[in-house]
Undergrad: 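Pasting a structure below so you can have a look.
Letters go in sequence order (proteins before strands), and every chain restarts at 1.
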Amino acid sequence: MTEAAALSARLDALNRLYGHAIDDGRYEQWPEFFLPDALYKITTRWNHDRAMPAGLMLCQGRAMMEDRVSALRTANVYEPHHYRHLIDPPVVTRASGGTISATAGFAVYRTMQSGVPEIFCTGKYVDKIVEADGRLKFSERIVVCDGERIDTMIVLPL
Amino acid sequence: MTLFDWNPEDFSEIPYAFYSDEQIYRRELKQVFQGEAWNFLALECEIPDAGDYKTAAVGDIPVIVVRDEAGTVNAMVNRCAHRGNLVCIDEAGNTERLTCVYHNWTYDLRGKLASIAFERGIQGKGGMAADFDRSSHGLQRLRVETCNGLVFGTFSDEVPPLADYLGPEMRANIDRVLGREMEILGKFQHGLDGNWKLYIENVRDTYHATLLHSFFPTFGLNRLSMRGGIELSEGGLHHLTYSIGATDRPESQYNARDLRAVKDGYALNAPELLDTWPEYACGTTLAIQSIFPNFSVQQVSNVVTVRLLLPKGPDRSVLIWWILGAVEDTAEQRTMRLRQANLIGPGGYIAMEDGAVVGWVRRGVAGAEDRNSVLAMGGRGVERDSDSRCNELSVRGFWQGWHGLMRDPAA
Ligand code: FES
Ligand SMILES: [Fe+2]
């Protein structure tokens, strides 16, 4: 396997683990995919294309991601539901100076109490990833949703 | 219960049928949205230059908002005067002329029909009817007025000028929040699984804030025991609820175990989320304002948003919201605004429940067309103001305004 193919395979595995952690409801594991000072943002294509700084969720650092998880466990009120992430194999856009830039398309189905999975969101991850202690971690994950509209509410990370 | 049988008395009971009835919905589009009301269309900063346009909507009617060569903002129905095609298909852009792609009729930036393709036919054959008068076939225009960078339009010739429609109290708050050069930090849409009025009621409902959302009371952003109040414009049409932080008194009720929203020992790992600066001299830390029928200006700490709710049928609605910042913000202030934006919107710590509750009420009232909701908190009827936010008076005020436009059986 070439070095590039090996890297792609590792990133692909990272994305699958990430998606499964959320889809299986292991939300406490979600911040662990990030570096302590990482950026996580959910935005839309319209906003991303115009470099709009605000997000639907904006976590500057892992502590804010942990707060998202504790809020969804203890504070916020919502109808129980879960996601199913389908994530494309990643495309590595740049790998230099220890930081890997990559993107991957995704579709997330959401199953609410009606019991019917519905497409909640499609979009792409725009990522910066670094290797720390032999593990790949996100230093930045921008979730760019294709649509402008969030249906009803969003409490679980994408 | 039909609309014309309804005797609202003091607006303390509302028939559930009004949230799902197809005829009520059709009538609202005519009597409320196309009626004697000003509809929010756009922010002036979305169309800063001559020729800039964007598409908007008044109820279900597609609208174009465009700045002409003289700098004036015009609004026209986005419907070609020929055979009804959408003139602007894209969401926004810049143009010298508005051109319908179907048969290439063109309009100037005030909606006047400027040219017709093959008007005189081809080689002397065809061409428009001899008596066709271009000047009477422009795009249908709306009355347009602006206030602190907000563009409003109406189809009504009767509705008073915007400044009178808003009234002095409402104008004062809009000016307080938006009376400086603002810019857009983000724009999002929120799909709601219920009738538009369920969300409007929620915006005007000060009673639920600390009960449904536990972030408010836990972190001291807003408790009903803070100093604050409710103001209504004349007739109850618009509302403003506000609170002033740092005035909170210990309130025994909030320690009561039976209030689900209050959780002990809940602390943030990243409390900087709630870092604020005193942006307003008056000390107001929360101001939620609704402008009849479907527009809202909101200040939650340093997060400034404007929101427009579009009806999409009796059972659906879409909220469009713009997050704003002041052009003069320092980098530090901007960071605080963006962090605090985590509080609001469909994923907002203190707001995500609002979208959900619209759908829950829609499902809850299924089959209850002959029953009523109760709006008796804070008494009955529509007073002009209250210094207690433990009150549903602004919701009653909305219904009074709504009924005023809907009730005439001859209309
Ligand atoms: S419909 Fe517009 S030119 Fe014919
Ligand atoms: Fe709310």
Undergrad: Can you establish whether the number of heavy atoms outside A:R135 located under 6.0 Å from its atom CZ is more than 12?
TA: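 At most 12 heavy atoms, drawn from other residues, nucleotides or ligands, come within 6.0 Å of this atom.
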Undergrad: Of all residues at least two apart in sequence or in a different chain, which pass the side chain to side chain donor-acceptor pair (under 3.5 Å) check with B:R180?
TA: B:E279, B:Y280
Undergrad: Is there a side-chain contact between A:I150 and B:F188 in this structure, where contact means two heavy atoms from C-beta onward sitting under 4.5 Å apart?
TA: no
Undergrad: Please rank A:M153, A:M64, A:M57, A:R149 by heavy-atom pairs under 4.5 Å with chain B and give me the top one.
TA: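 So the answer, after comparing A:M153, A:M64, A:M57, A:R149, is A:R149.
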Undergrad: Is there a side-chain contact between A:R50 and B:K187 in this structure, where contact means two heavy atoms from C-beta onward sitting under 4.5 Å apart?
TA: no
Undergrad: State, to 0.1 Å, how close A:P53 and B:L338 come at their nearest heavy-atom pair, and which atoms those are.
TA: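 Shortest heavy-atom separation between A:P53 and B:L338 comes out as CB-CD1, 3.7 Å.
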Undergrad: Checking A:R62 against B:N269: is there a side-chain donor and acceptor pair closer than 3.5 Å?
TA: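 Their side chains do not contain a donor-acceptor pair, so the 3.5 Å distance test is not met.
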Undergrad: Please examine the side chains of B:E272 and A:Q60, heavy atoms only from C-beta on, and report whether any two atoms are closer than 4.5 Å.
TA: no
Undergrad: Starting at CZ of B:R339, measure out to SG of A:C59 and round the result to the nearest 0.5 Å.
TA: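 With rounding to 0.5 Å, CZ (B:R339) is 11.5 Å from SG (A:C59).
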Undergrad: Taking B:E353 for its side chain and A:V77 for its backbone only, find out whether a donor-acceptor pair lies under 3.5 Å.
TA: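 Side chain of B:E353 to backbone of A:V77, a donor-acceptor pair under 3.5 Å: yes, one is there.
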Undergrad: Look at atom CZ of A:R94 and say whether more than 12 heavy atoms of other residues, nucleotides or ligands are closer to it than 6.0 Å.
TA: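 Atom CZ in A:R94 is not crowded, with 12 or fewer foreign heavy atoms closer than 6.0 Å.
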Undergrad: Where on B:L319 is there a heavy atom nearer than 4.5 Å to chain A: the side chain, the backbone, both, or neither?
TA: neither
Undergrad: With ring-ring contact (aromatic ring centres under 6.0 Å, His included) as the rule and sequence neighbours excluded, what pairs involving residues 87-106 of chain A come up?
TA: A:F106-A:Y125
Undergrad: Got a donor-acceptor contact below 3.5 angstrom from the B:N342 side chain to the A:L58 backbone?
TA: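 Checking the backbone N and O of A:L58 against the side chain of B:N342, a donor-acceptor pair under 3.5 Å is found.
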Undergrad: Using 0.5 Å steps for rounding, measure from the CG atom of A:L56 to the CD atom of B:Q189.
TA: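 One gets 11.0 Å once the value is rounded to the nearest 0.5 Å.
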Undergrad: Are the side chain of A:N76 and the backbone N or O of B:Y349 linked by a donor-acceptor pair below 3.5 Å?
TA: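 Answer holds: yes.
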Undergrad: Is it the backbone or the side chain of B:V357 that comes under 4.5 Å from a heavy atom of chain A, or both, or neither?
TA: neither
Undergrad: Please state whether the side chain, the backbone, both or neither of B:E183 comes within less than 4.5 Å of a heavy atom of chain A.
TA: neither
Undergrad: Can you say whether B:L185 sits under 4.5 Å from chain A via the side chain, the backbone, both, or neither, judging by heavy atoms?
TA: both
Undergrad: Is any side-chain heavy atom of B:P346 less than 4.5 Å from a side-chain heavy atom of A:T152?
TA: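 No, too far: nothing below the 4.5 Å cut-off.
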Undergrad: Measure distances from B:W321 to the heavy atoms of chain A and classify the residue's part below 4.5 Å as side chain, backbone, both or neither.
TA: side chain
Undergrad: Any chance OH of A:Y109 has more than 12 other-residue heavy atoms, nucleotides or ligands included, within less than 6.0 Å?
TA: no
Undergrad: Would the number of heavy atoms belonging to other residues, nucleotides or ligands and lying under 6.0 Å from CD of A:E3 be above 12?
TA: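 No, CD of A:E3 has 12 or fewer neighbouring heavy atoms, counting only those of other groups under 6.0 Å.
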Undergrad: Would you say A:K124 has more than 12 foreign heavy atoms packed within less than 6.0 Å of its NZ?
TA: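 Atom NZ in A:K124 is not packed in, count stays at 12 or less.
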